[in-house]
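In what follows, every heavy atom counts, from backbone to side chain, and hydrogens, waters and symmetry copies are set aside. Just so it is clear, the model here is predicted, and its values are computed rather than measured.
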Amino acid sequence: MTQTKPRISYWMIAGLGLVWNLMGCLNFLSQSNAEVVAQMPEAYQALIAARPAWATVAFGIAVFAGAVGCILLLLRRRVAIQLLMFSLIGVVLTLVDAVLSVGFNPQVLIGTGASVVVGGSLYWMARLADRAGWMR
């Protein structure tokens with residue numbers, strides 16, 4: 001028999017995922033402000049300056065689809081799975097761009113790598129929640 005009511009861990013992970021992605025949305029928006037970018041570490045400034053348009057779009061998809069996906073997780077909607085998949089694809093493309101732009105810089109890769117872990121975990125959790133019968 002499947003449990004139709006999610007565990008407390010589901011709500012905590014979805015809520016933390018939402019906070020993570022909202023911080024990503026703020027980061028995305030702040031990168032359009034030259035003064036804010038000037039205060040960032042040089043590795044991030046180089047990454048932002050060298051970022052092609054496709055990578056900017058991927059970054060935007062990663063954070064905004066992730067935020068909406070987490071809201072939909074909290075609402076227990078199946079469409080969250082697709083949005084979190086798009087978010088994960090955006091995160092992976094952002095990581096590819098980071099490696100292509102600045103090489104294997106540990107400072108950049110730790111932040112982007114953490115995003116891959118979080119994005120992958122949220123997508124995996126959404127799939128598990130659907131299989132458990134928690135999604136509508």
Requested in this report: Indicate, with yes or no, if Leu18 and Phe28 share a hydrophobic cluster defined by side-chain heavy-atom contacts under 4.5 Å among Ile, Leu, Val, Met, Phe, Trp and Tyr.
Outcome: no
Tightest non-hydrogen contact, residues Leu84 and Gly66, listed as CD2-O, 3.9 Å
query = Transitively linked via ILVMFWY side-chain contacts under 4.5 Å: Leu75 with Trp134?
reply = yes
Tightest non-hydrogen contact, residues Arg51 and Asp97, listed as CG-OD2, 3.7 Å
* **Short side-chain to backbone donor-acceptor contact, Gln31 and Val37, under 3.5 Å** => no
With the side chain counted from C-beta on, respond yes when Leu73 and Tyr10 share a heavy-atom pair under 4.5 Å apart, and no when they do not.
yes
When every non-hydrogen atom of Thr94 is compared with those of Ala55, the smallest separation belongs to OG1-O, 4.4 Å
When hydrophobic residues are tied together by side-chain contacts of less than 4.5 Å, even through go-betweens, does Val118 share a cluster with Phe64? no
- Message: Can you confirm whether Tyr123 sits close enough to Ser87 that some side-chain heavy atom of one is under 4.5 Å from a side-chain heavy atom of the other?
- Response: no
Here the pair of heavy atoms bringing Ala80 nearest to Met135 is CB-CE, 4.2 Å
message: Just checking Trp11: does its CH2 atom have more than 12 heavy atoms from other residues, nucleotides or ligands closer to it than 6.0 angstrom?
response: yes
*Determine yes or no for a side-chain-to-main-chain donor-acceptor pair under 3.5 angstrom, with Asn21 supplying the side chain and Gly17 the backbone.*
yes
In short, Leu74 meets Ala14 closest at the heavy-atom pair CD2-CB, 3.6 Å
Exercise. Heavy-atom distance under 4.5 Å between the side chains of Asn27 and Val63, does that happen here?
Worked result: no
All heavy atoms of Gly69 vs all of Leu83, minimum pair found to be CA-CB, 4.0 Å
Note to self: Between Val92 and Trp124, is there shared hydrophobic-cluster membership here, with clusters defined by ILVMFWY side-chain heavy atoms closer than 4.5 Å?
What the structure shows: no
**Report entry** Any side-chain heavy-atom pair of Ile48 and Gln45 under 4.5 Å
**Finding:** no
Arg76 meets the side-chain hydrogen bond (donor to acceptor under 3.5 Å, both in side chains) criterion, sequence neighbours left out, with none
* Close side-chain approach of Phe59 to Leu93, heavy-atom, < 4.5 Å -> no
